[in-house]
Amino acid sequence: MEMEIDGASDSKPLETGDDKPKLVVVILIGAPGSGKSTFCEQVMASSSRPWSRVCQDIINNGKAGTKQQCVKSVMGSLSEGKSVFVDRCNMDREQRAEFVKLGGPQVEVHGVVLDFPANVCISRSVKRTGHEGNLQGGKAAAVVNRMMQKKELPKLSEGFSRIVFCHDDSDVQAAIKAYSSLGPSDTLRMGCFGQKHADAKIQLGIMKFLKKVEPSSEILGSNMDTAQESVCLANDEYKETNLNKELPQCSVGEDVGFTLAFPSISTADFQFDNEKAADIIVEKVEEFMSKLGNNRLVLVDLSYRSKILSLVRTKVASRNIDSKKFFTFVGDITKLYSAGGLYCNVIANAANWRLKPGGGGVNSAIFSAAGPALEYATKERAKSLQPGRAVAVPLPSDSPLFKRERVSHVIHVLGPNMNPQRPNCLNNDYGKGSKILREAYTALFECFVSIARNQEQSPVKISEALIAGSSTGPRRILNTDQKTKTDGDCASETSKKSKGSEDEMKGKDNVSCSYGQKVKQEGSISKHWGAWAQALYNIAMNPQSQKDQLLEVSDDVVVVNDLYPKAQRHILVLARYRGLDSLANVNQEHLNLLKTMHDVGLKWVQKFLGDDRSMTFRLGYHSDPSMRQLHLHVISQDFNSSHLKNKKHWNTFTTAFFRDSIDVIEEVRTKGKATVNDDDSKLLSMELRCHRCRSAHPNMPRLKRHINDFQGESQPTKEKQRRLCDLPDVPRLKSIFDYNS
DNA sequence: GTTCTAGAAC
DNA sequence: GTTCTAGAAC
């Protein structure tokens, strides 16, 4: 978010005419493999400003040189009127100091921090060939990790006039864009942008595991210092939320019931007139006052400049509305409790008819904040929604919105659409539109009231389906048995009127009026799982049933010993998300889960290494697993196990069928999904080859004999391995982290 | 995922 | 004869 301010539009010509255009020294800060050279190349390829790149790896006639040579070269370029990229790691303050000193009245010094996790940098460094610094292959990991230990994030107080932190590719692209479009007489805004406060987890994690050091207070300290300096626009927005000071304060002991936070329906992307919408909101709120009991409604919008909020505030004043039961609030609807201190049991979502994530705005924000759990829970309730209707979805307890914000339900509402770019546009017919918007708020408030009522009566039953119907109809609680009736009810005035366009937007999907219907799995992508394939799913959903093999349980994962270990150490980290059967189901929303699973796996690796330092491990997923429920294998590379019996066993762990966890994470981060090839199963019938030396073996017993030659000694030396196996001297760092180096 | 076993490979 | 694989059943 903060990166928006770093966009190209941010560059502006200097306003004073006599000022000579300033030169810029951009100090790149990042480990090998973080993308410094690529950054420079991309900017220089398209910039109208003269740039020079000073790279320590090649400064000495194409070979690596010294820092002093770099300083000299930067000064030379500046005197020629060129702005300069300082392309070296510059990881700590001392390394940067001499370049920062070059700043002055005519020269601005910027920092661009390419702050990627160590594993990403290692992976990139290992893969690349022909790198200028000759830092490819096995050396890379050691160097990256050493650098990471020295890492000291830059602060403005060092003398920078501008620092940009990049944490992912989109941050990098935004920064490249900003510098590419920086013309010879333009300047970029000063300040510190894009710094995350709690991003050190993975890096510290990996350093900790590699070097077995505690996260040093120095590193944490420097993070925090800089965080305080980086008071950015986002924080200004939060300051403005002090406008919420009219928030009714409830005295201790006062019985406040349930709170519904809702966005204005249809006024954003659906372009419904704000004035008309405000009238309808106020009208419907007033109507529901008497039905609310001690529960309350809160209209939420992101910005203190919100037109709809101010319209509603004005209109409410002249109505008979209790300000304790209805008020407006400025804030992010997905962070009302954590960032705004407003506890709301229920939030409404301005949904799309497909009830799917995406589309930007509130819908996108809520689905993304609630995690995949909301998507699955929604699918179980309804497949689509008609304009004017609402459907309540109980949030599973593993949803971050439930855990962090204490939201128990999300009510999806679909309002009328006036935007020709969106399906089912009403072409400015505000007769129809207003009617549908009234129905939408009625449905929403009815849903909320019935949730509140149900929770009061029976907290256990809140997972019952709650679906609000037409404006005048009574609240209905439906289940699948009532499907036929529901379909009948659906043919209400509203649905008849919108039927034509409804059919249009459904296209070939052949979706009948499924409102209120129990969902069937979409498409035929989902794989059939036999009864025997359910074991991991059962453990993930109900870990307490499995006391024997259980190693660890958290909200996100369960760790168990593999029942049939294929090596001396072989454990599984199970995801606890419902509906996440395998890599094929994984998407961008699971990125944090994948990282958590990896971190948990690494933690156990560290423990195992405490018992036997000679072990090596791989962490990864089977491309097409036999058992349902996403599970990360953490497996030692000895493969010394009586359970390892056949070719399939072997090939699932030693061919491309085994997808390294860090590769999967990187793939999901960049492409949004993990690629799963249809013909991956062919890999399982491939010839048997040693995972170390790649030698072929005629059958499993012979292969195992070959493999077990390593196990004769507790710590086979590299020499011994090489002799037995003709081991190449490049460890497979990207997956089997060499924890001993 | 494992177990079982027919029959191929040696 | 024994060893080993691969496919079916669960």
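Just so you know, these numbers come straight off a predicted model, no measurement behind them. Chain identifiers are assigned alphabetically (A, B, ...) following the order of the sequence lines, protein sequences preceding nucleic acid strands; residue numbering begins at 1 within each chain.
At whole-Å resolution of the value, CG in A/Asn646 and C1' in C/dT3 are 15 Å apart. The NE2 atom of A/His643 sits 8 Å away from the P atom of B/dT2 (whole-angstrom rounding). One interatomic measurement links the two molecules: CD of A/Glu687 to P of C/dC4, which rounds to 19 Å at whole-angstrom precision. Rounded to an integer number of Å, the gap from A/His528 NE2 to C/dA9 C1' is 13 Å. Here B/dT2 presents its C1' atom at 15 Å from CE of A/Met700, a figure rounded to the nearest Å. When the P atom of C/dC4 is taken as reference, atom CG of A/Leu688 falls 12 Å away, rounded to whole Å. When rounded to the nearest whole Å, the span between CZ of A/Arg702 and C1' of C/dC4 equals 12 Å. In this structure, A/Leu644 places its CG atom 14 Å from C1' of B/dT2, rounding to the nearest Å.
The number of heavy atoms from other shown groups lying within 6.0 Å of NZ (A/Lys673) does not exceed 12. Atom CZ of A/Arg689 has more than 12 heavy atoms from other residues, nucleotides or ligands within 6.0 Å.
A stacking contact links A/Trp532 to B/dG1: the aromatic ring centre lies within less than 5.5 Å of the base's six-membered ring centre, and the planes differ by less than 30°.
Counting non-hydrogen atoms under 4.0 angstrom, A/Lys645 reaches the backbone sugars and phosphates but no base. Residue contacts shown for A/His631 are absent, as no nucleic acid heavy atom lies under 4.0 Å away.
Ring orientation note: the planes of A/Trp650 and A/Phe639 are nearly perpendicular, at an angle over 60° on the 30°/60° scale.
Contact annotation: A/His649 side-chain N/O to B/dT2 OP1/OP2 distance is under 4.0 Å.
In this structure, A/Glu375 does not pair ionically with A/Lys356, as no charged nitrogen and carboxylate oxygen lie closer than 4.0 Å.
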